[in-house]
Amino acid sequence: MAPIQLKHSPASAAPNEARVIVRDAMRTAALASYPSLLPPPPPPMAPDQVVTAQVRFGGPTADTHATVEAQPRVLCCEEIDGKRWNYVVEAEGPRMSRRGSSLKAVSLQSPGAPIDEIFAFIRSYVVPEGFPDSVTPSYVPYMTWRALKHFFGGAMGVFTTRTLLTSVGASKNSATSGAVAINWILKDGAGRVGKMLYSRQGKKFDYDLKQLRFAGDLLMEFGAGLELATSTVPHLFLPLACMANVAKNVGTVTSTSTRTPIYKAYAKGENIGDVTAKGECVGNIADLLGTGLSILVSKSNPSLVASFAFLSCGYVLSSYQEVKSVVLHTMNRARFAVAVNSFLKTGSVPSLKEGNVKENIFSFPWSKQTSVVLGSRFGEAFQDPSAFLAIESLFEKERYIVTYNPSKDNIYALLKDKAKSDDILKAAFHAHLLLHLLHSSNVKQSSRNLTHHSQSSMNSSLSNHSQSSLNISLSNHLLPTAIDIEAQVAESCKAVSCFYEDFKRKAADEGWIMSESLINPGRARLCAMDQH
């Protein structure tokens, strides 16, 4: 008989398990009593030696091996008003610069102290841009004494205003006259605050003086309308009067700041003071005549609304024609666009008078509706690193980079840190030329689509015709592909090398002053990689 195999029950293993537990407890106690018997710990690893292992299920692949953690790649460095940023490609594997990778701006400076931010904010209002290099040494003592003069004048104004209001019968009660004077002073004070805030426009008074002059006149009329509105809602006199005074004071700042450059354009010698004095005299004579006529007409109690509407229309129309009649020799952004577009279409640069007449007065400097952005930030022009790397080599010898952003439908000109006046002009010319090429390409594409649509519509049914119309409408609004953009940028680089010098020569022949271009570029600059 074959031997019977007996199965051990779980209880039969208990003695072995007990022995194992006792042995482990004795070993632990011994190691606790003698720490020197413990093996030495492994040395700590440096941060750059950290290895991330990727575990994958299935057959072996190339990515199965451990890979060293990828470091972000720095594409460029950007500087704005002394502050710098690095634009890096976020690590996404071995090919970080492929299309679709994300860009990130990393600040290279630590946050400044609050007191420094406050002083920088004050400086932006009280000193010119580029101070102290942008002014002569005598500017500081002149402005110091001027500030003291206005301090004493403002203090004296409180007493004179109160006295005048009392003299016209406001009230002889000190409390009442004081309250009226304070309200009046608050109204004037609000206007001065508005004047101060608007003065931050800075160099825009030099760049776009026609546009700002016309905008200031519009604000003057707006302020006059608010003053008239106080008669219908007298309980809102103080807020309406304050708003009106802010608008009118802003208009006054604009008129004062743009007056000298306009008179300078008409002075042929060292007679700018004489031209300014006579111009102001003509303005005062016309103002007195208008005041006298208004006093005579007001005796017949005409309609307030009709009178205001008629006079406002005359004022705005006269202001528009005034700024349109100014002939400036320098090129701001609007006049430069007129000159370049004329050159690209006809091969000639417009004359001074023609270029100034065609200037768009309604292109205000704060407007965002523009097809060409000069001196933009890197993050606005490029949304993925591949777009930058594709055209970077085309601008190695230039001090700027020009590109097209399809998502924003704008041309962007980025300036490098060593860009001078001529480089800025060349970048602007290149940007307008690229815009012209893209528009021409879109027009040709639309023309081909229209021809194809005309031919296909003769042999298609009504349903097919509707579908074809929809397809053509969509194709006309399609943005250029990345390959098309790179080809257009490369073509524009060749065109600029051929036509830019010819454009400058023809502009100089027409009397334009190219060396003093005032096209108002942005403050962002690309820095060389070896400088950070």
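Along the sequence shown, the residues carry numbers beginning at 1.
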So does [Y] get a backbone contact from the side chain of [X], meaning a donor-acceptor N/O pair under 3.5 Å?
X: Q211; Y: N360; answer: yes
X: S342; Y: S348; answer: yes
X: K324; Y: V357; answer: yes
X: T254; Y: V250; answer: yes
X: S255; Y: G251; answer: no
X: N271; Y: A267; answer: no
X: T276; Y: I272; answer: yes
X: S325; Y: E322; answer: yes
X: S497; Y: K494; answer: yes
X: S294; Y: T291; answer: no

Just verifying a value: how many Å separate [X] [atom1] and [Y] [atom2], rounded to the nearest 0.5 Å?
X: L437; Y: H439; atom1: CG; atom2: NE2; answer: 10.5 Å
X: D217; Y: S312; atom1: CG; atom2: OG; answer: 12.0 Å
X: F343; Y: H436; atom1: CZ; atom2: NE2; answer: 10.5 Å
X: E501; Y: K426; atom1: CD; atom2: NZ; answer: 7.0 Å
X: T258; Y: D208; atom1: OG1; atom2: CG; answer: 11.5 Å
X: H430; Y: L435; atom1: NE2; atom2: CG; answer: 11.5 Å

Please work out which of the three classes, parallel, tilted or perpendicular, describes the rings of [Y] and [X], given edges at 30° and 60°.
X: F429; Y: Y500; result: tilted
X: F378; Y: F388; result: perpendicular
X: F336; Y: H432; result: tilted

Has [X] got more than 12 heavy atoms of other residues, nucleotides or ligands less than 6.0 Å from its [atom1]?
X: K264; atom1: NZ; result: no
X: R505; atom1: CZ; result: yes
X: F222; atom1: CZ; result: no
X: Y266; atom1: OH; result: yes

Within 45 degrees of the axis of the six-membered ring of W85 and under 6.0 Å from its centre: does R377 put its NZ or CZ there? yes
Taking NZ, NE, NH1 and NH2 as the nitrogens, is one of them in D502 or K506 under 4.0 Å from a carboxylate oxygen of the other? yes
Write down the atom of [X], the atom of [Y], and the distance for their closest heavy-atom approach.
X: K420; Y: D423; result: N-OD2, 2.9 Å
X: I401; Y: I391; result: CG2-CD1, 4.1 Å
X: A507; Y: M331; result: CB-CE, 4.3 Å

Tell me, do [X] and [Y] make a side-chain contact under 4.5 Å, heavy atoms counted?
X: T256; Y: R259; result: yes
X: V140; Y: T144; result: yes
X: N356; Y: V326; result: no

Quick one: ring pair (Phe, Tyr, Trp, His ring centres under 6.0 Å) partners of Y412, sequence neighbours excluded? none
So, using ring pair (Phe, Tyr, Trp, His ring centres under 6.0 Å) as the criterion, who are the partners of F499 when residues are at least two apart? none
Any donor-acceptor N or O pair under 3.5 Å, side chains N332, E359: yes
Criterion side-chain contact (heavy atoms from CB on, under 4.5 Å) against R335, the qualifying member of I519, L352, L328: L328
I411 and its side-chain contact (heavy atoms from CB on, under 4.5 Å) partner, picked from L374, L433, V373, L438: L438
After noting the C-alpha distance and the side-chain angles of Y87 and L526, does the key distance pass the side chain to side chain contact (heavy atoms under 4.5 Å, CB included) rule? CA-CA 10 Å; Y87 280 89; L526 298 180; over 6 Å; no
Begin with the C-alpha distance, continue with both residues' side-chain angles, and end with the deciding distance and a verdict on salt bridge (charged side-chain N to carboxylate O under 4.0 Å, His left out) for D274 and K278. CA-CA 6 Å; D274 186 29; K278 298 304 188 294; 2.6 Å; yes
Determine whether N410 and Y404 satisfy the following criterion, side-chain hydrogen bond (donor to acceptor under 3.5 Å, both in side chains), listing intermediate values before the conclusion. CA-CA 6 Å; N410 284 335; Y404 171 72; over 6 Å; no
